[in-house]
Each structure stands twice: as structure tokens, then as C-alpha cells.
Amino acid sequence: MATIEAAPIAPRARPADWLGRAATFCYLAIAAGQLLFVLFILLYYYPSTLTGNFARWNDKPLIIGFVEGDTSGNLFFAVHVLMAAVITFGGLVQLVPAIRSRWPALHRWNGRLYLVSALTLALGGLWMTWGRGTWLTITGGAGITLDALLILGFAAMAWRSARARRFVEHRRWAIRLFAVASAVWFMRVGYMVWGLATGGAGIGKAMDGPFDIFLAFANSLLPLAVAELYLRAGAHGTPRARGGVAALLTVSGVAILAGSAGAWMVMWGPYI
Ligand code: HEM
């Protein structure tokens, strides 16, 4: 005779994981946009830099770029653009969960390379900004300096927590590091999204308008804030909070796709 105890218990319906799906969509949008950036760096900067034809950098508008006779400045620029492709591609690889679980050695070595390129870009970038004087406005210089300091701080935290095998904490610092290490790319995408949406309102002729000032800091602080909301919603968010962050990630992903397409058409594609 069937008893109450033996009656099959219907599995409780799990709420759809919208947060996870939205995060995957947002990651794929970022990956599409960053791969376009990597493609531009590989096709524009790699051939000229690796063949020593540094003068070719200046075919594209830059603040300083190549300067005849400035050996150290040119070398810093060369290392910077070579490492730019390494960090951008490496960051995308590092965030794929299947790679982390199936090939942990690849994750560890790519992680070390990522940290070295983060340090090189942040310290070299600081020298190019203040040592070589590559800045258009003091606000722009301050914004990218803040980004460099965040990269250095978060890289240290991601490295320390990995060494101590505190992997939950490591994942959090690594996601924050990815957000701020992608700031220069977010800035280019941000200009394009804003340009498409408003026709360029608040962008000054000398990059000194209200939108330029906002984006100088928002390029690192905005992705960092979104990453923080995602981490908090994922760890202990109510269903409402998780739904809200899922919506935010979806909208961000759509904006990133539009901005990346614009950046390719205006900033990268025409130069290769
Ligand atoms: C960490 C990720 C970074 C990436 C992927 C990256 C990428 C690049 C690329 C591709 C360029 C060549 C300019 C272009 O074609 O748009 C460049 C130039 C430059 N970057 Fe970075 N960068 C990063 C971080 C930084 C940081 C943290 C600073 C400053 C603290 C910085 C300062 C500079 C400067 C001063 C230039 C020269 C700009 C010019 O002469 O016009 N970069 N960077």
C-alpha cells in the first residue's frame, strides 16, 4: 500500500536563472567588442611595431605617438601597444568557466601573463601620461591615473587571494580587475554609444566638455559599479535584485554591441 512517505515529491520548480543568462549575454557582447579591438591592434600596431616602422603609428590620430629621436618614449609606446592585445585577449580567456575547470594550468599561466601585462600597461601608461606628458586635459590625465591605481590595487588582491587559495574571494577581485583593466576599451565604446544616442552632446572640441569629464572617470568606475552589483546580486540578492541586475546587464550588453560596432566603423576599421 502506498504511503504518504513513499509518494513521489514533485521537485520544487527552480526560478529561471536570468542573472546567469544575462551575465553570459553581457560577457559575449564584451567579447565581441574586445575581439574587434584586439583585431585592430594586431593588424595596425603589430606589423609596424615588430618591423621597427614606428613612424607608421602616426597614420592614426594620437596625442603623441612616434617622436623622432625619443627612444625611451617610443619604446614605452611600443611595449604598451604590444601588451594591449595580450591583456585584452587574455582577460576574455580568463573569464570562461569551462577553461578554468578543464584546463587549470592554462588558467594559472594565462593569469600570470594577465597580471604581468596589467602591471606593464598601468606603470608604463602612468609614465607615458606624466613622464612623457601624453595628456590632453588634466581631468583626462587624472581619470586614467585613477584607472591605473585601481588596476594595480585589484591585481595585487587577485594575486594574493589566488596564492592563498581563497578562490571565492579571488573570483571577486579578478572580476573587478577585468572591469577596470577594460576601461580604455569601455571609453572608446562609451564615446560611440553616446555619440549614436545624442549626436555627441557634451563632447568638447578639446575633449573638455561635460561628457568628456564624466567619461574620464566613468570608464573605470561605471563598469566597476556594474560588476559590483552583479557580484552582490549573485551572492545574496533577493529575486527582485537579481532580476534588476539581469535587466541592467542585458541593456549594457545591447549598448556594448552598438558601441563596439560604431568603434569598429569609426575608430579601428578605417586604419587597417
Ligand atoms: C590596461 C589596459 C590598457 C590597454 C588595453 C591600453 C591600450 C592602448 C592602446 C591600443 C593605445 C594606442 C592608442 C590607440 O590606438 O587608441 C594606448 C595608448 C596609450 N595609453 Fe593605454 N592601454 C591600457 C592602459 C593604460 C593606462 C592604465 C594608462 C595610463 C595610466 C594608459 C596610457 C596610455 C597613453 C598615455 C597612450 C598614448 C596615447 C597617445 O599618444 O595618443 N594606458 N593604450
Side-chain angles (χ1 to χ4, degrees), residues 23-51 56-57 60 62 76-125 128 144 147-148 150-152 154-155 158-159 162 170-171 173-190 192 219-220 223-224 226-227 249 252-253 256-257 259-269 271-272:
T24 304
F25 168 68
C26 192
Y27 168 82
L28 291 174
I30 293 173
Q34 294 201 345
L35 286 176
L36 290 179
F37 190 39
V38 171
L39 190 66
F40 156 71
I41 297 168
L42 291 182
L43 295 178
Y44 183 74
Y45 283 114
Y46 269 57
S48 50
T49 307
L50 295 175
T51 56
R56 164 104 166 76
W57 298 334
K60 174 182 182 294
L62 291 169
F76 265 90
F77 191 99
V79 171
H80 196 83
V81 287
L82 293 178
M83 290 307 251
V86 175
I87 197 171
T88 310
F89 186 72
L92 292 174
V93 171
Q94 213 56 1
L95 289 190
V96 177
I99 295 184
R100 288 204 300 272
S101 54
R102 270 186 227 164
W103 296 293
L106 173 66
H107 180 75
R108 279 198 298 276
W109 279 105
N110 190 48
R112 289 180 187 122
L113 185 61
Y114 187 78
L115 288 179
V116 169
S117 46
L119 295 189
T120 312
L121 281 156
L123 295 174
M128 288 202 295
I144 195 73
D147 181 44
L150 290 172
I151 291 174
L152 294 173
F154 293 168
W159 182 74
H170 170 67
R171 175 177 167 271
W173 287 113
I175 288 178
R176 290 174 186 133
L177 175 60
F178 178 79
V180 296
S182 302
V184 301
W185 170 82
F186 276 120
M187 178 148 82
R188 287 154 174 83
V189 171
M192 293 313 305
N219 65 21
S220 57
L224 183 59
V226 174
L249 290 176
S252 307
I256 284 169
L257 285 176
S260 302
W264 178 263
M265 284 188 282
V266 175
M267 295 178 176
W268 305 325
Y271 298 101
I272 56 174

Quiz item: What distance do Arg100 atom CZ and Leu95 atom CG have between them, rounded to the nearest 0.5 Å?
Solution: 7.0 Å

Self-check item: With Cys26, the side-chain contact (heavy atoms from CB on, under 4.5 Å) member among Leu257, Val226, Leu249
Solution: Leu249

Self-check item: Gap separating the CG atom of Asn110 from the CG atom of Leu115, nearest 0.5 angstrom
Solution: 10.0 Å

Quiz item: Rounded to the nearest 0.5 Å, how far does CZ of Arg112 lie from CH2 of Trp159?
Solution: 10.5 Å

Practice problem: Measure the CG-CE distance between Leu113 and Met83 for me, rounded to the nearest 0.5 Å. | Solution: 6.0 Å

Quiz item: Looking only at heavy atoms, what is the nearest atom pair of His107 and Gln94, with distance?
Solution: O-NE2, 2.7 Å

Self-check item: Side-chain touch Trp109/Trp103, heavy atoms, less than 4.5 angstrom
Solution: no

Exercise. Quick one: closest heavy-atom pair of Leu150 and Ser220, and the distance?
Key: CD1-OG, 4.0 Å

Quiz item: Taking the side chain as C-beta and beyond, is there a heavy-atom pair between Val81 and Phe77 under 4.5 Å?
Solution: yes

Quiz item: Is any side-chain heavy atom of Tyr114 less than 4.5 Å from a side-chain heavy atom of Val86?
Solution: no

Exercise. For residues Thr24 and Leu28, determine if any side-chain heavy atom of one lies less than 4.5 Å from a side-chain heavy atom of the other.
Key: yes

Self-check item: Flag side-chain contact, heavy atom, 4.5 Å: Leu121 against Ile151
Solution: no

Quiz item: About how many Å separate CE of Met192 and CE of Met267, when rounded to the nearest 0.5 Å?
Solution: 5.5 Å

Practice problem: Look at the rings of Tyr44 and Phe40 and say which category their plane angle falls in: under 30° parallel, 30 to 60° tilted, over 60° perpendicular. | Solution: parallel

Quiz prompt | Nearest heavy atoms of Trp57 and Ser48, plus distance in Å | solution = CD1-OG, 3.6 Å

Self-check item: Heavy-atom side-chain proximity of Phe178 to Leu92 below 4.5 angstrom
Solution: yes

Quiz item: Within a strict 4.5 Å, meaning less than it, do heavy atoms of the Trp264 and Leu39 side chains meet?
Solution: yes

Quiz item: Any donor and acceptor pair, going by atom type alone, linking the side chain of Tyr46 with main-chain N or O of Leu82 inside 3.5 Å?
Solution: yes

Self-check item: Nearest heavy-atom neighbours spanning Ala181 and Ile87
Solution: CB-CD1, 4.2 Å

Quiz item: Are Arg188 and Trp185 in a cation-pi setup, meaning NZ or CZ lies under 6.0 angstrom from the ring centre and within 45 degrees of the ring axis?
Solution: no

Self-check item: Pairwise distance OH(Tyr271) to NZ(Lys60) - rounded to 0.5 angstrom
Solution: 6.5 Å

Quiz item: Got a donor-acceptor contact below 3.5 angstrom from the Asn219 side chain to the Phe186 backbone?
Solution: no

Quiz item: Considering only heavy atoms from C-beta outward, does the side chain of Val96 approach that of Tyr27 to under 4.5 Å?
Solution: yes

Quiz item: Taking all non-hydrogen atoms of both residues, which atom of Ile41 and which atom of Ala85 are closest, and how far apart?
Solution: CG2-CB, 3.9 Å

Quiz item: Taking all atoms of both residues into account, what is the closest heavy-atom pair of Ser260 and Gly33, and its distance?
Solution: OG-CA, 3.3 Å

